[in-house]
Each structure stands twice: as structure tokens, then as C-alpha cells.
Participant: 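Before I ask anything, let me first share the structure, which is written out below as C-alpha cells.
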Amino acid sequence: MSSVRHVREVRTLYRQILRLHRRLPTHFRAVGDQYAKDEFHRHKKAGAAEVQTFMTEWKNYAKMLQEQLAQESSPVGQALPPEKVENLTDEQLGQLFELQQETTKPISEELQDLIEDDKKR
């Protein structure tokens, strides 16, 4: 794949993910946007094999999220299969743990106010 075409594909996927995140509750959106930004930035200089896996996983994420958001009463998210966890590097496991902590910590009053404002819209 040409470099220009690859860059366009990456940017399109990144924008698609951010657009999907707009439909999430405020606290999930904030965490999701930051995580996506960090991951895409972290993989700018990755090797071809790692980029292929990266793009596949993010495309799968975007597809899953789009399908879940289309079903308004459906919960958002998916359990990570044990075989995928086993294949994660130590760095990825650390990132996963940090993400879990971020999504399960108590919500500040300021964020709670934003969430309530979102519900009123």
C-alpha cells in the first residue's frame, strides 16, 4: 500500500472512531478519545506487521461499536477473550490495566454535571 493511501486510511479510521465516540456517554467518550489518540500516536512508527494487526483490531472495534450503538438499549463494550489477553505484551497489559482503572474510578462532581447535561439533551 502506498504511503499516502495508508496515511489516508489511518486518518479515516481515526476520525470514524472519534465520531462513534460522540455517541457514547461523556465519561466513556473522554476516556475513549484519549486512549485512541494515544494509541494512534504510539503506532506512528510501528513496523508493517504491527501496523496490520493494529489496523485490523481498530477496524474491528469501530465495527463492533457501530453495531452496538445502532441498538439503543444494548450495552456498549465486549469482554476480552482469554486468548487475546494471553497474546498481549507486558506494555499492553499495563495499558489495559490503566484503562480498566480509568473506566471504573468514581466520577468527579464536575464530570457528573456534564453527564447530567448530556442526559437533558
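These values consider heavy atoms only, across backbone and side chains, with no hydrogens, waters or symmetry-generated copies.
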Participant: Could you check Glu67 against Lys63 for side-chain contact (heavy atoms from CB on, under 4.5 Å), going step by step and ending with a plain yes or no?
Facilitator: CA-CA 6 Å; Glu67 289 170 356; Lys63 181 180 181 210; 3.2 Å; yes
Participant: Connecting only ILVMFWY residues whose side-chain heavy atoms lie within less than 4.5 Å of each other, what is the rest of Leu88's hydrophobic cluster?
Facilitator: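 Under the 4.5 Å side-chain rule, Leu88 groups with Leu80, Val85, Leu93, Leu96.
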Participant: For Leu24 and Arg29, work out which heavy atoms get closest and say how close.
Facilitator: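 In terms of heavy atoms, the two residues are closest at CB-N, 4.1 Å.
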Participant: Please round to the nearest 0.5 Å and tell me the distance separating atom CD of Glu9 and atom NE2 of His6.
Facilitator: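 The CD atom of Glu9 sits 7.0 Å away from the NE2 atom of His6.
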Participant: Would you give the length of the straight line joining atom CD of Glu50 to atom CZ of Arg42, rounded to the nearest 0.5 angstrom?
Facilitator: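 The distance works out to 10.5 Å.
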Participant: Please list every donor-acceptor pair under 3.5 Å in which a side-chain atom of residues 13-22 meets a protein atom from a residue at least two apart or in another chain.
Facilitator:
unit_1	atom_1	unit_2	atom_2	d
His21	ND1	Asp33	N	3.4
His21	ND1	Asp33	OD1	2.8
His21	NE2	Tyr61	OH	2.7

Participant: Please report the closest heavy-atom contact between Val51 and His43, naming both atoms and the distance.
Facilitator: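 Looks like CG2-O, 4.4 Å.
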Participant: So which atom in Met55 and which in Val10 form the shortest heavy-atom distance, rounded to 0.1 Å?
Facilitator: SD-CG2, 3.7 Å
Participant: Does one side chain, of Gln34 or Asp38, offer a donor that lies under 3.5 Å from an acceptor on the other?
Facilitator: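 Side-chain D/A pair, Gln34 to Asp38: present.
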Participant: With a 6.0 Å cut-off (strictly less than), is the heavy-atom count around CD of Gln92, excluding the residue itself, greater than 12?
Facilitator: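 Yes, the 6.0 Å shell around CD holds more than 12 heavy atoms from other groups.
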Participant: Does any part of the side chain of Thr12, heavy atoms only, come nearer than 4.5 Å to the side chain of Arg8, both counted from C-beta?
Facilitator: yes
